[in-house]
Amino acid sequence: MKVVTLNTLKELKAAGEKFSVVTCYDAAFSQRINEAGIEVMLVGDSLGMVLQGHDSTLPVTLDDMVYHTRAVKAGNSRSLIMADLPFMSDASLPILLENSARLMRAGAHLVKIEGDAWLAEGISHLTRRGIPVCAHLGLTPQTVNQLGGYKVQGRGEAGQALIKSAQELEAAGASLLLLECVPTELGRAVTEAVDCPVIGIGAGPDTDGQVLVLHDLLGITPGKTAKFVKNFMQDSQSIPDALAAYHQAVKNNDFPAPEHCFQ
Ligand code: KIV
């Protein structure tokens with residue numbers, strides 16, 4: 001299997017082919033995810049919830065992210081590794097640069113940052129220095145306290161503002177966009193409005209790629225899961241089978257199905 005780069009994702013978008021993304025936090029899963037053919041591994045700050053047991057991603061530190069990025073890198077042979085900048089790691093441009101550099105030194109191929117149009121300055125600061133960035137828009141879990149909960153974003157007029165933000169962030173240098181928890185129509189509109197690949201989670205079937213949290217995909221997340229989650233272990237005999245089933249379902253555009261989407 002070929003090594004995946006940002007160019008691979010751009011080529012897939014141009015060819016109208018979907019790609020799959022899953023969160024990963026250690027070397028063993030990194031190998032299994034590679035074998036399943038999944039293009040991108042996200043070292044997500046969701047580790048604060050699924051590994052550390054917190055009720056949000058806010059307690060996750062940069063040291064936590066560096067530790068898990070190193071572990072994922074150790075098991076990786078072909079997938080693109082994207083690592084999350086955790087809460088408050090972009091307090092100023094020098095801090096943002098230093099924190100992003102630590103993630104890149106640990107093995108990330110690009111960093112992901114949550115926010116909105118105001119991220120533009122930080123994104124161009126990083127990309128000018130050789131650090132590719134994915135901008136995470138829509139439901140941004142690090143601002144859950146401001147959003148008043150994990151709710152669908154971008155309904156009504158807010159949708160137009162989100163499309164504009166996406167275009168501004170692409171112009172600032174973002175290599176990828178990630179859209180979380182927005183209506184299907186908005187997922188499609190953003191994907192069409194930008195040239196860079198767009199990854200969706202709860203953003204409908206029309207984004208270029210799909211991402212799921214590993215523990216959700218394997219059906220081992222404690223408590224209630226979101227509407228956009230599918231447990232791929234239910235019809236699989238093993239973890240490698242479930243990962244391969246997820247990858248195939250994304251490639252065939254069978255996932256997400258209407259019951260996983262917001263209208
Ligand atoms: O941290 C994470 O796992 C994420 C996904 C929810 C996209 O950002």
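Remember, it's 1-based here, ligands and their atoms both numbered in the order they're listed. What you see is a predicted model; the values in this text were computed from it and never measured. Here, residue 1 is the first one in the sequence, and each next residue gets the next number.
Counting heavy-atom neighbours within 6.0 Å of Lys227 NZ, excluding the residue itself, gives a total above 12. Annotation: Glu157, atom CD; neighbour count of heavy atoms from other residues, nucleotides and ligands within 6.0 Å does not exceed 12.
Residue Asp45 places at least one N or O, backbone or side chain, under 3.5 Å from an N or O of ligand 1.
Interface atoms of ligand 1 facing His136, defined by a heavy-atom separation under 4.0 Å, are 8 (O). Below 4.0 Å from some heavy atom of Glu180 lie the following atoms of ligand 1, by number and element: 6 (C). Each of the atoms 4 (C), 8 (O) of ligand 1 lies under 4.0 Å from some heavy atom of Lys112. Close contacts of ligand 1 with Gly44, meaning ligand atoms under 4.0 Å from a residue heavy atom, involve 1 (O), 2 (C), 3 (O).
Proximity annotation for atom 7 (C) of ligand 1: of Asp84, Thr23, Leu42, Leu42 comes nearest, heavy atoms only.
Looking at Leu179, Thr191, Leu162, Asp206 one by one, the single match for side chain to side chain contact (heavy atoms under 4.5 Å, CB included) with Leu186 turns out to be Leu162.
Between the CE atom in Met233 and the CG atom in Leu217 there is a gap of 9.5 Å [rounded to 0.5 Å]. Taken to the nearest 0.5 Å, the CG atom of Asn76 stands 9.5 Å off from the CD1 atom of Ile33.
When hydrogens are left out, the protein atom nearest atom 2 (C) of ligand 1 is Ser46 OG, 3.3 Å; that is the closest non-hydrogen contact.
Hydrophobic clustering (ILVMFWY, side-chain heavy atoms < 4.5 Å, transitive): Met41 and Leu212 are in one cluster.
Distances from ligand 1 to the non-hydrogen atoms of Glu114 include no value under 4.0 Å.
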